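So the structure is just underneath, and the comments pick up after that.
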Amino acid sequence: MPELPEVETTCRGIAPLITGKTIAQLVLRTDKLRWPLDQGLCLHLPGQRILSVERRAKYLLLGTAQGSLILHLGMSGSLRVVPAETTENKHDHVDLIFTGGECLRFTDPRKFGALLWTEEDPLLHPLLAQLGPEPLAEEFNGRYLYQASRGRKIAVKPFVMDQKLVVGVGNIYASEALFAAGIDPRLAAGRIGRRRYQRLAEEIKRVLGLAIAAGGTTISDFFQSDGKPGYFKQQLQVYGRAGEPCPHCQSQIKSLRLGQRSTYYCSRCQR
DNA sequence: ACGCTCTCCTGGCCGC
DNA sequence: TGCGGCCAGGAGAGCG
């Protein structure tokens with residue numbers, strides 16, 4: 001997926017194009033994404049005006065006076081604003097058509113995304129209520145990581161990917177931040193000290209910030225809301241680079257699986 | 001509570 | 001060129 005930088009890029013891309021627009025029609029071309037789609041969406045949405053477009057973790061929240069649309073891009077989802085008459089492609093599952101003729105189109109080959117309607121505060125929705133702090137917020141820092149990790153035996157990489165700990169750090173940026181911080185991704189979270197967590201928190205913020213500035217990372221499926229790819233791929237130091245020389249020490253970048261996910265690291269720079 | 005695995009889905013790529 | 005196997009940015013569910 002779309003990790004945090006990709007969702008942020010999408011949020012910034014669509015917000016100015018759809019804020020204030022009134023929904024005329026919702027078109028669903030599949031009956032389920034990650035979960036069965038609530039057909040009530042088609043009843044609730046027409047006539048609503050988009051008052052806000054926000055991101056929380058990897059969720060996009062479209063606020064209206066009556067409730068909120070909660071969107072998740074899953075592993076392969078993307079959103080674009082196109083003219084409503086634009087011919088749909090195979091994986092264009094949802095269209096939110098506005099009265100002015102614009103269309104917010106959700107595309108997701110793997111159908112791991114989500115689309116939910118809630119009339120409560122979306123931040124209190126069961127999917128969002130348990131989420132950890134935003135990584136770019138001040139409350140996310142080395143002290144927080146250190147305290148949260150005491151007694152934890154889980155490897156540090158899956159640890160920082162746990163959305164209950166901190167949101168938005170996915171598989172790509174977890175490898176990148178650990179490389180930048182010089183921490184072996186296999187280390188038990190509970191055995192890493194304050195200073196190293198201080199560094200890791202800084203690197204997570206730095207890497208995510210750079211990726212947002214580059215419009216995210218496009219491996220294959222992700223595109224910005226204007227259809228362009230994200231350009232951060234060129235700046236990836238280790239992700240997807242097994243066998244290539246480490247940009248710092250030239251030794252071969254290694255890969256392994258941790259918690260079912262591909263992990264890339266330099267065994268010389270990361271201890 | 002914690003740590004681990006499996007699972008949803010489609011497509012691209014690799015090797016035979 | 002076709003086919004099987006494996007892999008892919010997420011994360012909830014269920015297990016011990």
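Keep in mind that the numbers below use all heavy atoms, side chains included, and drop hydrogens, waters and symmetry copies. Letters A, B, ... are given to chains in the order of the sequence lines, protein chains preceding strands, and every chain is numbered from 1. Predicted, not measured: the structure shown is a model, and the values here were computed from it.
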For A:Tyr173, ring pair (Phe, Tyr, Trp, His ring centres under 6.0 Å) partners two or more places apart | A:Phe232

What's touching nucleotides 7-10 of chain B from the protein side, N or O pairs under 3.5 Å?
unit_1 : atom_1 : unit_2   : atom_2 : d
B:dC9  : O4'    : A:Arg110 : O      : 3.4
B:dC9  : O2     : A:Arg110 : NE     : 3.3
B:dT10 : O4'    : A:Pro109 : O      : 3.1
B:dT10 : O3'    : A:His91  : NE2    : 3.4

B:dT7 and C:dG5, which share atom name P, separated by this distance in whole Å | 16 Å

How long is the line joining NE2 of A:His125 and P of C:dA11, in whole Å?
-> 15 Å

Mind checking A:Tyr173 for me? I need base, sugar-phosphate or nothing, with any heavy atom below 4.0 Å counting as a touch.
-> nothing

May I have all residue pairs that pass side chain to side chain donor-acceptor pair (under 3.5 Å) and include part of residues 33-42 of chain A, sequence neighbours excluded?
-> none

Listed in order of residue number, which residues of residues 148-160 of chain A have a non-hydrogen atom at under 4.0 Å from DNA chain B?
-> A:Arg152, A:Lys153, A:Ile154

Residues pairing under salt bridge (charged side-chain N to carboxylate O under 4.0 Å, His left out) where one sits in residues 9-18 of chain A, two or more places apart or in two chains, turn out to be A:Glu8-A:Arg12

Please, which pairs that meet side chain to side chain donor-acceptor pair (under 3.5 Å) have at least one residue in residues 142-151 of chain A, sequence neighbours excluded?
-> none

Can you list the residues that meet the salt bridge (Lys or Arg N to Asp or Glu O under 4.0 Å) rule with A:Asp121, with sequence neighbours excluded?
-> none

In short, ring-ring contact (aromatic ring centres under 6.0 Å, His included) pairs touching residues 174-210 of chain A with sequence neighbours left out are A:Phe179-A:His248

Do A:Glu3 side-chain atoms and A:Asn171 backbone N/O form a donor-acceptor pair below 3.5 Å?
-> yes

Would you give the length of the straight line joining atom OG1 of A:Thr107 to atom CG of A:Asn89, rounded to the nearest 0.5 angstrom?
-> 7.5 Å

Among all residues two or more places apart in sequence or in another chain, which pass the ring pair (Phe, Tyr, Trp, His ring centres under 6.0 Å) test with A:Tyr264?
-> A:Tyr239

Round to a whole Å and report the spacing from NZ of A:Lys164 to P of C:dA11.
-> 10 Å

note: A:Trp35, atom CH2; C:dG10, atom C1'; distance rounded to Å ~ 10 Å

For A:Leu256, the hydrophobic cluster (side chain heavy atoms closer than 4.5 Å, chained through members) also holds A:Leu258, A:Tyr265

Under the rule of Watson-Crick or G-U wobble with both distances under 3.5 Å, where | means paired to another strand and [ ] a crossing pair, DNA chain B maps to .|||||||.|||||||

Pick the P atom in C:dA13 and in B:dC9, then give their distance to the nearest Å.
-> 16 Å

Could you give the side-chain donor-acceptor pairs of residues 23-30 of chain A under 3.5 Å, partners two or more places apart or in another chain?
unit_1  : atom_1 : unit_2   : atom_2 : d
A:Arg29 : NH1    : A:Asp92  : O      : 2.8
A:Arg29 : NH2    : A:Asp95  : OD2    : 2.5
A:Thr30 : OG1    : A:Lys32  : N      : 3.4
A:Thr30 : OG1    : A:Lys32  : O      : 3.1
A:Thr30 : OG1    : A:Lys111 : NZ     : 2.9

Spacing of A:Gln130 atom CD relative to C:dG12 atom P, expressed in whole Å = 10 Å

